[in-house]
Amino acid sequence: MSITSKAYTEGLAELREVRDEIKPLERQLAKIQTELNKLQAKRDERIQELGQFEKAKADRLATSAGVSVIDVVALVPSLGPRMPVSAPTEAVSTDSTSVDHPEPQTAAQPIKEPAGAPAPDLRPAAADEARQDSDRGEDQELAAAAAAAATAAPSPTQAPTTVTTLEEPERTLPSIPEGSAGDRWIYAEPNLTSKRPNFKQATRQMAFLDTATGVLVWQAGTVTLDLGRASVAEILTAVYATVPADVERIYITAGDPWHQNAGGHQFLKDAVAEWLNGPLPEGWQVESSRNKDRQAGHLVHPRNPVGRWQRGKDQHTEIRSVGEWFDPAGADPGTVRAAFVELWKALRRHWDDVVLMGSPSQTGRDLWSRTIPAKAGAKWADGYPVMSQEIRGLLHATAGQGRTELITPPRVPERVPGWYEADRTFAYAKHTWTSGVGVPQRVTAAAFAAMSEKEQADALFSPSHWHVRVTIPADWDHVGLLPAPAPGERSWHYPYEGGRTFTTWAGGAEVNLALRNPLQPWRIEILDGLVWEKGDPLKEWSNKLKDAWRSLRAVGEVHGDERQRHAARLASRAVRSILLYGIGTFSQRPRVITGSIELGVGGEVPEIPDGARLTGLTDTHVTWESNSGFSRDPYAHPEWAAGVWSAARAALLSGPTGTKDPQTGKPARAGALHLPAGSILAFRTDAIYSSVRPAWPYSGEPGDYLLKGAMAWEQTTPTTDEEFYVLQALGRQALEAEEL
């Protein structure tokens, strides 16, 4: 738009008028700001004074001062929640809302730098190499490797000529106290074992609802409801005007109604909390009772929340996301219900008392408990012992889960020749053949050094968890092999710099991989460790789930009806979730309790439990969460979860496939170390992303790598998670188009 000279002159005059109006307001604002600063300083000083009172509470001070609990704790740190030494700083989601009072836990000691005992050379002698790699299954392969290691030539114990010790990470991992104080950690919790249940879970009737279309499906039929804005009140009113009161679970298949006001909140959890705490129909209230398999209160999760309500004393209901079980991928509620039916039928062939519970984690743990030996005289028929709280806390703090890493320039070129995603199929099922059972044996550096080389190899090939000092070969040029605590975070990274020395904890599978990887052995010094007796507590459970998974995949490929094929494929993914999240429940992380309280008259914030922190505030409710530490859970076995996670991370680097190499006749091996140095772009739990197309055989067995994305043309290397996920989606679309 062109402006005339006259319009320009008039515009300048208008600007001067606006300027003259702004100036006095700016002076007023500066005066008000000065007064505000004085009042805020007075308020903060008063908070600090009152915070010294013996019975002072952060939430009461926050309410009176009109600030958040976090602001009060920043001024008076002593009012903050008392976290267990080994507890995470981030919140861990849990389905439980019960308050458990943990027993006192001995403080974990910071890692020192004691003398370490060098680990032996675990590489097989040349004459035994073929025997090690023969196709006899994972357990036999490791047994052969252990035997070969015991007869191999001793490894030099001298450190490399030139070792560059870089600065230790800022975050210090805990360790077992020295001497008798640490030995007292090595016990099983009294009167706490995992035993086979002597009851059958109660069956809960389910309904499946698409809140975007209003389609509701349950055992008796299909209807379309008018849900309005799909608030809790509208869903409960519409659904229970249609289905009987014995329908106790409503799975949302699409629509995500808890996100309807996400734009009005900074965090998704706040939007979810607002939706869960919305007005209720007359006669309804948040559930407050609990039975053996019923939990009370809401779980405020950003994507898969759980809302629990009751009407009167007898009617209970949950609203859950089907995303806990699988991504419905656009399936209608009828297909989703058919998937649950197929899932139950596949599991019923192995468990005649199977009941699908609210989540795959609950279902997985219940099914596992029904494989615990019950025959009189059978080993572990009296139950699997639960480790001491100290050992559980140590494992929680020092055993991470899946490897997540984005490798960026200058470690890799800014432009790469291609983008390929290789994902391990049903990976965790590959690593459940053996686990540690019983009370572990502590192996100190001195004890390890006193062992024969065969005893050392046996210990390193047993289910174990090691405190180690690691030195990377000076000329190493590939990815890192062992996790180390990332500076300043509750996360992990993987040092790769040649010559670097660092101290960490690692599972036996990863220590083995570092010592006998296909490129060059790393130097490992044992500082301390826990070694368990070999057992197979997960094997029967896992084998049954793998059989159900295979049968559902077969139906998903050959059934004559497309809806049933789709339902079977979804059901097979649900089996994967049962095993994946079932293993996760064994880790028994410190329990996080969430809750919400209605605001008082005039909007006053009510008292929240001691040690809780405020996480959300709406016009009607305040949401809080609290870390209650470790409970006396009879199914707490973090040693099993840690072992599976460690083995899966090791196999991401190098492991056998289910197919023989046609040239050698030995099991073909796959993993990041079997791709060129500098070609690895990212890791995501069970997937490798590279600039080179992997040529690994795929037989569809657990642990095999399936090519899921491929772009055989030059790409810009991603440097952020956002860029990574864009390339991930494009790579999958490109491969799908390539295969058409």
Side-chain angles (χ1 to χ4, degrees), residues 93-98 100 192-206 248-249 251 287 289-296 299 304 306 308 316 318 320-322 324-326 339-375 380-386 428-429 432 435 536-549 552 571-589 591 631-638 640-641 644:
S93 298
T94 174
D95 279 347
S96 177
T97 56
S98 64
D100 295 291
L192 192 65
T193 56
S194 304
K195 294 184 178 181
R196 192 175 188 133
N198 56 8
F199 66 93
K200 180 179 179 180
Q201 297 287 1
T203 301
R204 311 292 178 191
Q205 295 299 318
M206 312 175 196
E248 296 191 39
R249 290 197 187 109
Y251 281 108
E287 187 175 49
S289 63
R290 172 187 292 265
N291 290 332
K292 286 184 178 179
D293 63 342
R294 178 180 291 131
Q295 296 171 331
L299 170 64
N304 295 316
V306 181
R308 302 182 178 99
H316 301 264
E318 293 180 331
R320 312 184 72 113
S321 169
V322 80
E324 293 181 88
W325 292 85
F326 48 73
F340 274 76
V341 172
E342 290 300 314
L343 172 63
W344 181 84
K345 289 162 59 177
L347 296 175
R348 182 74 167 75
R349 290 196 292 270
H350 299 288
W351 287 276
D352 57 10
D353 54 355
V354 61
V355 171
L356 297 182
M357 301 180 70
S359 68
S361 59
Q362 293 170 329
T363 304
R365 188 167 74 170
D366 183 67
L367 293 178
W368 171 77
S369 70
R370 297 172 193 279
T371 64
I372 297 174
K375 186 177 180 180
W380 309 114
D382 293 332
Y384 293 104
V386 173
Y428 284 4
T432 52
S435 301
D536 57 2
L538 305 179
K539 188 175 181 180
E540 180 184 351
W541 173 71
S542 176
N543 285 343
K544 289 180 175 182
L545 290 176
K546 284 187 283 188
D547 183 76
W549 173 77
L552 288 166
S572 72
R573 296 172 194 168
V575 173
R576 176 185 177 276
S577 295
I578 288 173
L579 186 136
L580 176 68
Y581 296 120
I583 289 171
T585 63
F586 292 126
S587 68
Q588 200 240 358
R589 297 185 177 280
R591 181 167 296 183
S631 65
R632 282 181 57 83
D633 183 349
Y635 298 114
H637 291 286
W640 299 348
V644 171

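Scanning both residues, E324 and V306, for their nearest heavy atoms gives OE2-CG2, 4.3 Å. When all heavy atoms are compared, the tightest approach of Y384 to I372 is CE1-CG2, 4.2 Å. The shortest non-hydrogen separation linking H637 to P385 is CE1-O, 3.1 Å. The two residues R249 and L356 come nearest to each other via the heavy atoms NH1-O, 3.3 Å. Between L367 and W541, the shortest heavy-atom distance links the atoms C-CD1, 3.8 Å. Shown here for Q201 and V355, the closest heavy-atom pair between the two residues is O-CG2, 3.4 Å.
For the pair R370 (side chain) and W351 (backbone), a donor-acceptor distance under 3.5 Å is absent. Not a single donor-acceptor pair under 3.5 Å links the side chain of S542 to the backbone N or O of K539. The backbone N or O of W325 sits less than 3.5 Å from a side-chain atom of S577, completing a donor-acceptor pair. Proximity of a side-chain donor or acceptor of W640 to a complementary backbone N or O of T432 within less than 3.5 Å is not detected. A donor-acceptor contact shorter than 3.5 Å links the side chain of S194 to the backbone of P634. The backbone N or O of M357 lies less than 3.5 Å from a partner atom in the side chain of T363, making a donor-acceptor pair.
The shortest distance between side-chain heavy atoms of R320 and R308 falls below 4.5 Å.
Taking the six-membered ring for Trp and thresholds of 30 and 60 degrees, F326 and F340 have ring planes inclined between 30 and 60 degrees apart.
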